[in-house]
Every structure is written in structure tokens, then in C-alpha cells.
Amino acid sequence: MTTRRLVLARSAALVGAASTGLLLPQIARAQSNRIRVGFMLPYTGTFAQLGVAIENGVRMAIAQQGGKLGGREIEWFKVDDESEPSKGVENANRLVQRDKVDVLIGTVHSGVQMAIQKVARESGVLNIIPNAGVHAATRGLCAPNVFRTSFTNSQPTLALGKPMVDKGLKKAVWITWKYAAGEEAFEGFRESYTKAGGTIVKELSLPFPNVEFQALLTEIASIKPDAVACFFAGGGAAKFIRDYAAAGLKGRIPLWGSGFLTEGVLDAAGPAADGIMTTMHYSDSLATPRNQQFRLEYAKAFKMQPDVYAVQGYDSGLLLVQGANAVKGDLANKPALYKAMEGATIDSPRGKWTMSRAHNPIQDMYLRVVADRENKVLGIAAKALADSGAGCRLAA
Ligand code: PHB
């Protein structure tokens with residue numbers, strides 16, 4: 001049948017269907033032709049702003065590419081995961097089973113990601129992790145359908161120890177939330193700091209997402225280390241920075257951390273944040289046209305300044321666009337989709353990066369200092385840093 005005759009035959013069938021009231025399935029099919037994209041992110045709690053920044057970034061990247069994925073329209077779905085691991089499987093299944101998403105973008109919290117990881121491995125649904133750094137996701141529990149655009153929890157802190165020791169800060173107290181992200185950030189810190197000749201004199205922690213820091217700050221004051229190093233993020237990070245200054249420690253004991261400490265919180269923390277030193281795969285002040293253009297457009301679109309979470313969301317959008325375009329929107333063509341995503345170079349505001357074999361970014365880590373409510377880049381603390389991917393077995 002020629003194309004023209006096929007079209008005519010189809011429209012005749014449609015007219016017939018309409019007159020017999022059978023048009024509904026046609027419409028349903030037309031709708032399901034849209035790619036279903038689900039966000040599973042925290043929209044409440046201490047990480048609420050992180051979820052919003054990630055969603056903004058994803059939407060901006062896709063909008064800049066014409067708002068479609070491989071030529072197909074998008075239907076969006078959203079679940080608030082509340083950074084609550086015990087609800088993780090149920091929330092992931094809302095998107096996977098109920099909404100039948102083609103791709104699940106999530107999440108922020110490492111414990112919740114472990115639940116998504118289970119659902120992704122069992123269902124085979126494509127999962128893009130726009131933040132959560134839990135090691136297992138791209139180590140022992142890695143999967144062909146799971147890609148991370150952010151970091152592993154130890155990546156930023158693997159770059160932290162040496163610059164501290166180089167500044168003569170040889171005895172440090174470590175403080176964090178007691179859950180996977182804090183514990184794995186500590187692994188990176190311990191390795192880099194002790195290797196550079198530093199000694200960790202005390203490890204302090206409190207349960208996630210507690211922000212009752214007072215007793216721990218009093219303990220730090222009595223220990224009098226050369227420096228404090230930490231992992232905190234989101235609303236809790238802003239409070240930690242303010243409490244650290246209010247306890248009289250700012251200016252007496254230098255505060256260092258993985259860069260999440262000073263992401264998205266500089267307005268809330270105010271001058272208390274000045275002078276904090278961090279390592280991170282992004283910096284507001286990166287003087288590249290790519291970053292400057294991204295920052296301008298993000299600020300214009302969302303009336304707020306982007307942070308590392310917005311960048312990670314943006315890169316998740318870029319990765320999805322590249323994958324979907326390579327298979328012309330046919331996300332069911334998994335071998336070709338994964339191959340395209342594995343081979344992608346992401347032209348990110350943080351600088352170009354590529355995927356490791358285990359599906360985690362190989363990226364530069366910057367040394368930064370807070371000044372005038374901005375993370376200012378001081379230099380590169382680690383070049384093309386890759387996570388070990390230990391225990392991940394994916395076919396090449
Ligand atoms: C995590 O739980 O993996 C996590 C959360 C917030 C961050 C970084 C890591 O800023």
C-alpha cells in the first residue's frame with residue numbers, strides 16, 4: 001500500500017471508530033506515545049530545595065533542546081520522597097508500576113536511592129541518579145539501566161585532605177550525619193587526609209536529619225583541633241554554618257567540608273559562611289562561557305541562583321536527551337540507548353565529563369572558598385577523578 005493510501009485507510013478507520021464510539025483507545029495510544037518521565041525527589045524536609053533545583057535543571061536542559069526527547073513529547077510525573085528511606089520502595093513503585101514511567105529521575109538521599117536501586121534492578125526501568133552518592137549504586141549494585149550524573153559520596157572528600165594539610169592543618173575533627181552519605185564522605189576524607197599526613201583526632205556524628213549541633217560544637221571547642229571537616233547539606237548545612245559561628249568557632253578553628261556544605265545555602269547562612277573552604281565538582285565562579293551562560297539563563301527562568309544540584313539536574317537532562325536522540329525516541333531499544341548514554345560526553349556547566357565503566361562521572365574537583373555569598377574557585381584539587389567502581393561488573 002502506498003503511503004497516501006495507508007493514510008486514507010487509517011483516517012477512514014478513525015471516522016468509523018468515532019461514529020461507533022471507539023475513538024478512546026486511539027486517543028489513549030496517542031497519549032502513551034509520549035515519553036513518561038518521573039521525578040522521585042525530596043520536595044519537603046531538609047533536602048526540599050535540592051529537589052526543586054534538580055527538577056529545574058532537568059526541565060531547563062530539555063527545554064533548551066526543543067522540549068522533546070528523540071522527537072517525542074513528554075508526560076511528567078512527580079513523587080515527593082521526603083528523604084525517607086522506609087517509604088522508598090513504595091514511592092518508586094508509584095512511578096514504575098502505577099505511572100509506568102519510561103525513566104525515573106531520582107534521588108537525593110543515599111538511603112532512598114538504595115530503594116530505587118532495588119526497584120530499578122528488578123523492573124529494568126531506566127534510572128538517572130541526579131544526586132545521591134551512595135557507593136553501591138555504581139559499585140557492587142551497579143546496573144546497566146542505572147546512570148549517575150552527580151558523584152560518589154567519597155569523590156569530593158578524596159580531594160579534601162591534601163589542601164588542608166598543605167595549609168598546615170594537621171589535626172582535624174570530622175563531623176557529619178550518621179547515614180550512608182556522611183559515612184562514605186568520611187571514607188574519602190580519611191583516605192586523603194591521612195595519606196597527606198593528617199591525623200583525625202575525633203569523629204562526631206548525629207542522626208539524619210537532626211540539627212541539634214550545640215553539644216557537639218562545645219566538644220569541638222574543648223578539643224581545639226587545627227580544623228574541622230564535615231559533610232552536611234541543605235537546610236541542615238545552613239544551620240550548621242550559623243551555629244558554628246554563633247558558638248564562637250568561626251575565625252578560631254577553620255571549617256572545611258565537601259562542597260555541599262555551602263551549596264544553595266549562602267543567602268540563608270549569610271556572613272557566617274565567609275571563609276569556609278570546600279572541594280566540589282562545581283563552583284559558581286567558574287569563568288567559562290558555558291557556566292556563565294547557564295547561570296544567566298537559570299536565574300532568568302527560575303528567579304534564583306543555580307547551585308551544584310541545579311547543575312546535576314541539568315546534566316541529567318542533557319544525558320537523557322543524548323540517549324533518547326540516539327534511539328530516535330525508542331527508549332525500548334535498550335542496548336542502543338545504554339550504549340549512547342555510556343559513551344556520552346556531557347558539556348556541563350561544571351566542565352565536560354564522561355561516564356566511568358560503572359556509570360558515574362569522571363570529573364575534576366575544585367578547591368573553593370566562600371566570599372561575598374559565592375563559592376569562589378581557587379584551583380583544581382583533583383583532575384579527572386574517577387570512583388573506583390569496585391565490585392561493579394558491567395559488560396564493556
Ligand atoms: C546523599 O544522601 O547521598 C546526599 C545528600 C545530599 C547531598 C549529597 C549527598 O548534598
Side-chain angles (χ1 to χ4, degrees), residues 40-55 57 81-88 91 105-117 127-139 141 146 148-160 175-189 205-211 229-241 257-266 268-269 273 276 278-283 306-313 315-316 350 360-361 363 365 368 375 387:
M40 177 159 157
L41 292 168
Y43 293 104
T44 52
T46 201
F47 291 158
Q49 297 174 46
L50 285 58
V52 171
I54 288 167
E55 180 179 336
D81 70 31
E82 305 165 42
S83 295
E84 180 48 68
S86 68
K87 297 183 190 165
N91 280 328
I105 300 179
T107 190
V108 166
H109 183 285
S110 276
V112 181
Q113 181 57 35
M114 288 303 281
I116 295 180
Q117 199 80 14
N127 172 213
I128 300 180
I129 310 173
N131 185 73
V134 63
H135 287 166
T138 54
R139 290 192 189 176
L141 292 178
V146 176
R148 178 151 49 197
T149 58
S150 49
F151 53 86
T152 57
N153 285 323
S154 58
Q155 257 181 320
T157 43
L158 274 173
L160 187 61
I175 179 167
T176 192
W177 278 313
K178 198 168 177 51
Y179 84 108
E183 284 159 4
E184 293 176 351
F186 178 66
E187 278 179 40
F189 178 63
S205 66
L206 70 174
F208 175 87
N210 283 12
V211 290
C230 68
F231 164 83
F232 290 111
K239 178 153 192 301
F240 182 72
I241 292 170
S258 69
F260 307 110
L261 179 65
T262 58
E263 286 296 320
V265 304
L266 293 180
I276 296 176
T278 59
T279 45
M280 179 94 303
H281 45 280
Y282 177 65
S283 179
D307 54 22
V308 74
Y309 309 107
V311 171
Q312 291 165 182
D315 291 1
S316 301
R350 74 183 94 165
N360 188 70
Q363 55 193 339
M365 289 290 152
R368 323 164 326 154
N375 287 295
D387 187 74

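Ligands are counted one by one from 1 in listed order, and the atoms in each one are counted from 1 as well.
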Item to check | Option nearest atom 8 (C) of ligand 1 (shortest heavy-atom distance, choices V134, N131, L261, T46) | outcome: N131

Item to check | Pair S110, N153: side-chain N/O donor-acceptor within cut-off below 3.5 Å | outcome: yes

Next on the checklist: Could you identify the single nearest non-hydrogen protein atom to atom 3 (O) of ligand 1 and state the distance to 0.1 Å?
Outcome noted: S110 OG, 2.6 Å

Next on the checklist: Could you tell me if E55 and Y43 have a donor-acceptor pair between their side chains, going purely by distance under 3.5 Å?
Outcome noted: yes

Next on the checklist: What protein heavy atom lies closest to atom 1 (C) of ligand 1? Include the residue and the distance to one decimal.
Outcome noted: V108 O, 3.2 Å

Next on the checklist: If only side-chain N and O atoms count, and only distance matters, is there a donor-acceptor pair under 3.5 Å linking D307 with Q49?
Outcome noted: no

Checklist entry - Which atoms from ligand 1 have a heavy atom of A233 less than 4.0 Å away? => result 6 (C), 7 (C), 10 (O)

Item to check | Those atoms of ligand 1 less than 4.0 Å from some heavy atom in A132 | outcome: 3 (O)

Item to check | 4.5 Å side-chain heavy-atom contact, F260 and F231 | outcome: yes

Checklist entry - If you measure from each non-hydrogen atom of A181 to ligand 1, which part falls under 4.0 Å: side chain, backbone, both or neither? => result side chain

Checklist entry - Do T138 and R148 have a side chain donor and acceptor closer than 3.5 Å? => result yes

Checklist entry - G133 to ligand 1: N or O pair under 3.5 Å? => result yes

Checklist entry - Do F208 and F47 have ring centroids that are under 6.0 Å from one another? => result yes

Checklist entry - Where does F208 meet ligand 1, judged by heavy-atom distances below 4.0 Å: at the side chain, the backbone, both, or neither? => result neither

Checklist entry - Taking only heavy atoms of N153, which atoms of ligand 1 are found under 4.0 Å from at least one of them? => result 3 (O), 9 (C)

Item to check | Closest contact, heavy atoms only, D387 versus S154 | outcome: OD1-OG, 3.9 Å

Checklist entry - Counting both backbone and side chain atoms, is some N or O of H109 under 3.5 Å from an N or O of ligand 1? => result no

Checklist outcome for this item: protein heavy-atom neighbour closest to atom 2 (O) of ligand 1 works out as Y179 OH, 2.6 Å

Checklist entry - Do T152 and R139 have a side chain donor and acceptor closer than 3.5 Å? => result no

Next on the checklist: Can you report which non-hydrogen protein atom sits closest to atom 10 (O) of ligand 1, along with the distance?
Outcome noted: Y309 OH, 2.7 Å

